[in-house]
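Below, read A as the first sequence line, B as the second, and so on, with proteins coming before strands; counting in each chain starts at 1.
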Protein chains: 2
Amino acid sequence: MPEPTDAAWLRTVAHEVRSFDRSSTAERVAELLRARVIEGDLPPGTRLSEEQLVEVLHVSRNTLREAFRLLTHEGLLVHRLHRGVFVPELDEDDLVDLYRLRRTIECDVVRRLEGLDAVRLRPLHDAVAAGEDAARRGDWGAAGTANMRFHQQLVALAGSRRIDETTARLLAELRLAFSAFAVPQRLHEPYVTRNRALLDLLVAGEVEQAAKELDVYLHDSEAELRAAHRDRLGKSS
Amino acid sequence: MPEPTDAAWLRTVAHEVRSFDRSSTAERVAELLRARVIEGDLPPGTRLSEEQLVEVLHVSRNTLREAFRLLTHEGLLVHRLHRGVFVPELDEDDLVDLYRLRRTIECDVVRRLEGLDAVRLRPLHDAVAAGEDAARRGDWGAAGTANMRFHQQLVALAGSRRIDETTARLLAELRLAFSAFAVPQRLHEPYVTRNRALLDLLVAGEVEQAAKELDVYLHDSEAELRAAHRDRLGKSS
DNA sequence: TCTTGAGGGATTGTTCAACAACTCCCTAGG
DNA sequence: CCTAGGGAGTTGTTGAACAATCCCTCAAGA
């Protein structure tokens, strides 16, 4: 039915989805959906209808399904046989699970660091600066993004492809948890400072000290998030 | 061309692929291919032709592609745009990478264990027993399988879904590396004993000691594998 | 001889349409 | 109030078609 009317802006979307290549269409669709999920535009529990998305995105069902599979393996969607894909509803157990693995990986990476120099720490420096800048502007969304980048770059220092991938999945799921729990953005505030402190320790080569600080840091973060979540549950009941 | 002749056993395969449901066709195809890849039936670098597999497996190209995606995200296949999927050729760097993450996760899990009892250790006990039994029979293939099960059950003690999944991926890739490097199966022999020793430490509740032993254990294993690999390179040149 | 570039065949990327299989909800009957 | 069954709607799978890309071959030119 929508044939001649919406051709205008739909062409635009279709073009956006189909152009700027060097990756497959499915990957571009996935990227588009990933932003929506992480941003919290789609509430947890939402079912993503194939029919509906095929219509809007102007891609075939097969391509869309491939995008679904990509996001499913990132933990950003869950797939139930014959029922479709849904935005996952993370609970407190998931949060504990995520932080458990996160502490394991991040602390271990930091503890084993050696041969650090200014060049290698540059990406970390940039992320911290971006966080501080966002905090000054009061843009807590950007501060959150900068924080994720900081941690991704932190583990990147290990130079391990598989650690990078695992961490990327972890952080993506964590962002989903953030928006799902509707945690007040101001909660990010103290971590801008703590990231700077962490970086200073690394510049000084105090890796053991940094690892310990990071462990406490992550425990604190987890505790705050759990508190926020329980708070939210209390309100809604 | 192969229309009436091979209908017999192909029907069998088709039936095996299509029956025993409770999972999708794609997942069953993936399972079938996973075994072939892990078992080393398909040499590294082999391209898996869509056309060919569609013919043999009697599934559609779309379904086969979904199976490919599954295995790609497990690291058991690599996908190159417009060129198809291949059995990955792991090199020494990959081996280092795999063991790096493996040590991080396994040792951390063991170190944090508490409240162990006979019931929780039962799956570990079974895996160790299976390994010893296989070793007595000289069945090193089975010993390898039992070893993988031991480590999977070991991390399962942490009770973390995401750690389980990450480990499963790791071990699958590692098995691929084993067959890819064509390491002599006898190399598994000493680890049957070491698994038993590790289990004994856990029964005694000596988690810190167990973690240290496991760290050495995994370093040794990595070193032997690297040596075997270099050996192999030396011969072929 | 070596390099370069233009076919051409083969394979993958993507779309489409149809049907089968399954889930969920609603209703009739107990 | 509870259960069985049927229908609507959604996903699962298939097969065919066409476009896009890669790779190999072969010929022309330096």
Side-chain angles (χ1 to χ4, degrees), chain A residues 1-3 6-7 10-11 13-33 42 45-73 77-89, chain B residues 1-3 7 10-11 13-33 42 45-73 77-88:
Chain A
M1 188 168 295
E3 255 299 316
D6 52 9
L10 278 184
R11 287 274 178 170
V13 173
H15 184 263
E16 181 188 339
V17 166
R18 206 160 291 145
S19 62
F20 249 136
D21 293 18
R22 221 56 223 164
S23 59
S24 73
T25 308
E27 281 173 49
R28 269 171 280 130
V29 171
E31 198 167 339
L32 202 151
L33 292 177
L42 306 166
T46 306
R47 185 173 67 86
L48 278 69
S49 161
E50 292 188 357
E51 194 179 26
Q52 197 174 319
L53 284 172
V54 159
E55 178 105 8
V56 174
L57 297 174
H58 279 57
V59 297
S60 79
R61 247 174 98 213
N62 288 317
T63 302
L64 179 62
R65 281 159 138 270
E66 234 165 63
F68 279 168
R69 216 162 263 279
L70 282 169
L71 295 174
T72 296
H73 282 283
L77 293 177
V78 293
H79 181 134
R80 273 169 256 191
L81 197 60
H82 291 293
R83 298 187 53 207
V85 299
F86 300 78
V87 179
E89 311 190 64
Chain B
M1 189 171 292
E3 253 301 311
L10 278 184
R11 287 273 178 169
V13 174
H15 183 262
E16 180 189 338
V17 166
R18 204 159 294 147
S19 62
F20 248 136
D21 295 17
R22 219 56 222 165
S23 59
S24 72
T25 308
E27 281 173 48
R28 269 171 279 130
V29 170
E31 199 166 340
L32 201 151
L33 292 177
L42 306 165
T46 306
R47 185 174 67 88
L48 277 67
S49 159
E50 292 187 358
E51 194 180 26
Q52 197 174 321
L53 284 172
V54 159
E55 179 105 9
V56 174
L57 297 174
H58 281 68
V59 297
S60 78
R61 240 176 104 214
N62 288 316
T63 302
L64 178 63
R65 281 162 137 270
E66 220 158 85
F68 280 169
R69 269 263 167 219
L70 282 169
L71 295 173
T72 297
H73 283 283
L77 292 178
V78 293
H79 183 160
R80 273 170 253 186
L81 199 60
H82 291 292
R83 297 189 52 209
V85 299
F86 299 78
V87 179

When you measure from the side-chain N and O atoms of [X] to the phosphate of [N], is any distance below 4.0 Å, counting only OP1 and OP2?
X     : N      : result
A:H79 : D:dG12 : yes
A:T63 : C:dG13 : no
A:R83 : D:dT10 : no

Given atom [atom1] of [X] and atom [atom2] of [N], what is their separation to the nearest angstrom?
X     : N      : atom1 : atom2 : answer
B:E50 : C:dT14 : CD    : P     : 11 Å
B:R80 : C:dT11 : CZ    : C1'   : 15 Å
B:L81 : C:dT12 : CG    : C1'   : 9 Å
A:Q52 : D:dT11 : CD    : C1'   : 15 Å
B:L57 : D:dT14 : CG    : P     : 10 Å
A:H58 : C:dT15 : NE2   : C1'   : 13 Å
B:L48 : C:dT12 : CG    : C1'   : 14 Å
B:E51 : D:dA17 : CD    : C1'   : 15 Å

Qualifying residues under side-chain contact (heavy atoms from CB on, under 4.5 Å), relative to B:A26, sequence neighbours excluded: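 side-chain contact (heavy atoms from CB on, under 4.5 Å) check on B:A26 returns B:S24, B:T63, B:E66.
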
Mind checking what makes side-chain contact (heavy atoms from CB on, under 4.5 Å) contact with A:H79, not counting sequence neighbours?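 A:H79: side-chain contact (heavy atoms from CB on, under 4.5 Å) contacts with A:T72, A:V85.
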
Among the candidates [options], find the nucleotide nearest to the side-chain atoms of [X].
X     : options                : result
B:R47 : C:dT11, C:dG13, D:dG12 : C:dT11
B:S24 : D:dT11, C:dT15, D:dT13 : D:dT13
B:N62 : D:dT10, C:dG13, D:dT14 : D:dT14

Given A:L77, which partner from the list A:L42, A:L70, A:L48 fulfils the side chain to side chain contact (heavy atoms under 4.5 Å, CB included) test?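 That would be A:L48.
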
Which residue, B:R65 or A:R61, contacts DNA chain C at a nucleotide closer to its 5' end, judged by nearest heavy atom?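 That would be B:R65.
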
By nearest nucleotide on DNA chain C, pick out whichever of B:G84 and A:S60 is the more 5' one.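 Going by which nucleotide is closer to the 5' end, it is B:G84.
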
Evaluate the side-chain proximity of A:E31 to A:L33: yes if any heavy-atom separation is below 4.5 Å, no if none is.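 In short, these two side chains do not touch, never coming nearer than 4.5 Å.
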
To the closest 0.5 Å, what do you measure between CG (A:L32) and CG (A:L53)?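 That separation rounds to 9.5 Å.
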
